[in-house]
Amino acid sequence: MAEEVKENSNPKGNKEKNKNKKRKEPGKVRRWFKDFFSELKKVTWPTFTKVLKQTGTVLLVTICFLLVILAFDSLLGFLYEQLLGGLSEESVVMLSSLLSGGGGLL
């Protein structure tokens, strides 16, 4: 450890360094905006037809999920109401026929 770093024991030297660090570069904001707009020019924007197709896909998937969630919510709501109201003989027959796969037609 022949090369040991000696610390500066002068407190004024440290204050001067801190002042230099706190000073802002002139034109820093202007340079940021210039860089921002130059990067924005490099962006490849999608065409209008591509945006419409992607929007349609998002809407279609959203509607499909809506229908699935609505079906599960209705089924669970029906089962909850039957549980709270007590199972009548008619509802037991209907549920057993639905669960057996007959659909009540057989």
Side-chain angles (χ1 to χ4, degrees):
M1 302 216 172
E3 297 180 24
E4 290 185 23
V5 178
K6 294 182 181 179
E7 292 184 29
N8 189 1
S9 61
N10 185 3
K12 287 186 178 181
N14 290 339
K15 288 182 181 179
E16 289 175 12
K17 288 180 184 179
N18 288 341
K19 284 183 182 179
N20 289 337
K21 287 182 183 179
K22 289 181 183 178
R23 289 184 186 160
K24 293 184 178 181
E25 270 181 52
K28 192 173 186 178
V29 173
R30 182 181 297 155
R31 185 169 17 101
W32 184 86
F33 276 107
K34 184 179 176 183
D35 291 342
F36 174 77
F37 284 111
S38 69
E39 287 295 323
L40 202 58
K41 289 178 184 177
K42 296 176 187 177
V43 174
T44 56
W45 298 100
T47 63
F48 184 69
T49 56
K50 189 172 184 179
V51 170
L52 285 179
K53 286 180 183 178
Q54 290 176 346
T55 303
T57 303
V58 168
L59 290 175
L60 183 68
V61 169
T62 304
I63 290 171
C64 288
F65 274 109
L66 171 78
L67 294 175
V68 168
I69 291 173
L70 182 66
F72 277 115
D73 184 51
S74 298
L75 177 67
L76 291 175
F78 173 74
L79 293 174
Y80 182 72
E81 288 296 323
Q82 293 301 317
L83 182 67
L84 287 182
L87 293 174
S88 67
E89 190 139 342
E90 181 183 325
S91 61
V92 171
V93 170
M94 185 178 68
L95 280 176
S96 64
S97 67
L98 286 174
L99 294 176
S100 66
L105 297 175
L106 300 173

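Residues F72 and L67 do not share a hydrophobic cluster, defined by chaining ILVMFWY side chains whose heavy atoms lie under 4.5 Å apart. Note on V68 and L76: separate hydrophobic clusters, where clusters join Ile, Leu, Val, Met, Phe, Trp and Tyr whose side-chain heavy atoms are under 4.5 Å apart, directly or indirectly. Under the 4.5 Å side-chain contact rule for hydrophobic residues, F48 and V43 do not share a cluster.
Taking CG of L40 as the reference point, atom CG of D35 lies at 12.5 Å (rounded to 0.5 Å). Between the CG atom in L60 and the CZ atom in F65 there is a gap of 11.0 Å [rounded to 0.5 Å]. Taken to the nearest 0.5 Å, the CD atom of E39 stands 4.0 Å off from the NZ atom of K42. Of the inter-residue distances, the one linking L70 atom CG with L75 atom CG reads 11.0 Å to the nearest 0.5 angstrom. A distance of 11.5 Å separates CD1 of I69 from OG of S74, quoted to the nearest 0.5 Å.
Note on ring orientation: taking the six-membered ring where Trp is involved, the planes of F36 and F33 are perpendicular (angle over 60°, cut-offs 30° and 60°).
Surrounding CH2 of W45 are at most 12 heavy atoms belonging to other residues, nucleotides or ligands under 6.0 Å away.
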